[in-house]
Amino acid sequence: MSDSVPATSSVPSSSAVSPQFAKYKACFYDLLTWKNLYVSGGSFAGALIALYLFKYVNVVKLFFNFAYVALGTAIAVEFAGRTIKGGPGFVSSFRGSGNYVVISKDIVDPLFNEFTVLVNFLLVEFQQIVFVENFPLTVFAFVVSYFTYFLVHYVSLWSLAVVGVTVAFAAPPVYLKFQEEIDAQVAAANKIIDKKISELKVQANEHLGKAAGVAKGYFDQALDKVGYKRNLPPVPAAEPVATEPSPPAVPVAAE
């Protein structure tokens, strides 16, 4: 981290931010709020130039163009050297007996660790937006997503990227300049939203109660139709009554 972007800058507090992410949070905060005009201006210009090169410059074509020119030149010089010297050419003998150029692990490991921390920092920030831990930032992300969804049908992705970079560097200073007015509007919107949610809850409970009453009435009617007696004590079963045997029939003599 350079001296122009100190890691000790004050940033909005967040209980979910790990100490290892503090320097990246401070760096992005200082960068997007233009704490250092030269660093922020250079980053903004660099981002726009990179987008311009990505759109109008065929990097892959330039790479292979440079590759075949460089390799062809090396082959020609090497062939000329072998023809003149009768042994190894100029290019093959240029390196001499020295070792090949390699990248030290001591350099790669810290860079990889820093890259891992940066990726985790971005993931944490994304989750804070999704779970509405920072309400104004989530609202801002919602507005950007909403308008981007419609603009992507009419505007190219490159134009949206240019607009996105411009907004990313322009919105934070505007917010800091008019922070009181914006926070007041956000607080008013929160009150309206909370009021509407409370009204919807009351209405939902009323409709749910009515629906439950209607459903209970239909259920009771269905029980009545099948002969089920509700809220009555069980009727004891009738005991069988003993019947006396009928007297035997007396035969009547025929006259």
Side-chain angles (χ1 to χ4, degrees), residues 1-52 117-204:
M1 203 63 60
S2 62
D3 296 337
S4 58
V5 185
T8 59
S9 300
S10 60
V11 298
S13 61
S14 176
S15 58
V17 177
S18 174
Q20 63 179 346
F21 300 150
K23 59 180 179 181
Y24 289 107
K25 197 172 186 68
C27 177
F28 282 105
Y29 182 81
D30 292 348
L31 182 67
L32 298 179
T33 55
W34 296 76
K35 293 286 185 179
N36 189 306
L37 295 179
Y38 295 103
V39 175
S40 299
S43 301
F44 180 52
L48 293 180
I49 292 174
L51 290 173
Y52 178 84
V117 175
L118 177 60
V119 172
N120 290 331
F121 165 74
L122 296 176
L123 288 175
V124 169
E125 291 295 318
F126 174 76
Q127 293 175 71
Q128 289 180 359
I129 293 175
V130 172
F131 295 107
V132 200
E133 296 182 16
N134 190 332
F135 186 80
L137 187 59
T138 303
V139 172
F140 177 76
F142 164 75
V143 173
V144 171
S145 301
Y146 179 79
F147 284 103
T148 304
Y149 171 76
F150 291 100
L151 291 175
V152 75
H153 296 86
Y154 309 101
V155 183
S156 64
L157 292 177
W158 181 83
S159 300
L160 289 177
V162 173
V163 173
V165 171
T166 304
V167 171
F169 279 89
V174 173
Y175 171 74
L176 292 179
K177 185 176 181 179
F178 302 100
Q179 183 174 4
E180 295 182 0
E181 293 80 358
I182 295 176
D183 290 345
Q185 296 297 326
V186 172
N190 286 337
K191 291 181 180 179
I192 295 175
I193 293 173
D194 293 340
K195 183 179 179 181
K196 293 295 182 182
I197 292 176
S198 300
E199 293 178 355
L200 290 176
K201 286 182 179 179
V202 172
Q203 294 177 1

So, using side-chain contact (heavy atoms from CB on, under 4.5 Å) as the criterion, who are the partners of [X] when residues are at least two apart?
X      : answer
Ile197 : Ile193, Lys201
Lys177 : none
Thr33  : Tyr29, Lys35, Pro172, Leu176

Side chains of residues 135-156: which donor-acceptor pairs under 3.5 Å do they make with residues two or more places apart or in other chains?
from, atom 1, to, atom 2, distance (Å)
Thr138, OG1, Ile129, O, 2.9
Thr138, OG1, Asn134, O, 3.0
Ser145, OG, Ala141, O, 2.8
Thr148, OG1, Val144, O, 2.5
His153, ND1, Tyr149, O, 2.9
Ser156, OG, Ser159, N, 3.3
Ser156, OG, Ser159, OG, 3.0

Closest non-hydrogen atoms of Leu118 and Tyr24, given as atom of the first, atom of the second and distance, are CD1-CD2, 3.7 Å
Between Ala47 and Val165 the two heavy atoms that sit nearest each other are CB-CG1, 3.9 Å
The reported gap from CZ in Phe21 to CG in Asn120 (rounded to nearest 0.5 angstrom) is 5.0 Å
Value for CZ (Phe28) from CG (Leu122), rounded to nearest 0.5 Å, stands at 5.5 Å
Residues 39-49 vs side chain to side chain donor-acceptor pair (under 3.5 Å), sequence neighbours excluded, gives none
For residues 180-192, the side chain to side chain donor-acceptor pair (under 3.5 Å) pairs (sequence neighbours left out) are Tyr175-Asp183
Which class fits the ring pair Phe44 and Trp34: parallel under 30°, tilted 30 to 60°, perpendicular over 60°? perpendicular
Notebook entry, point to check: If only atom types and distance count, is the side chain of Gln127 paired as donor or acceptor with the main-chain N or O of Leu123 below 3.5 Å?
Noted result: yes
> Do the non-hydrogen side-chain atoms of Asn36 and Asp30 ever get within less than 4.5 Å of each other?
Replying inline: no
**OP:** Compare all side-chain heavy atoms of Gln203 with those of Leu200 and state whether any distance is below 4.5 angstrom.
**Re:** yes
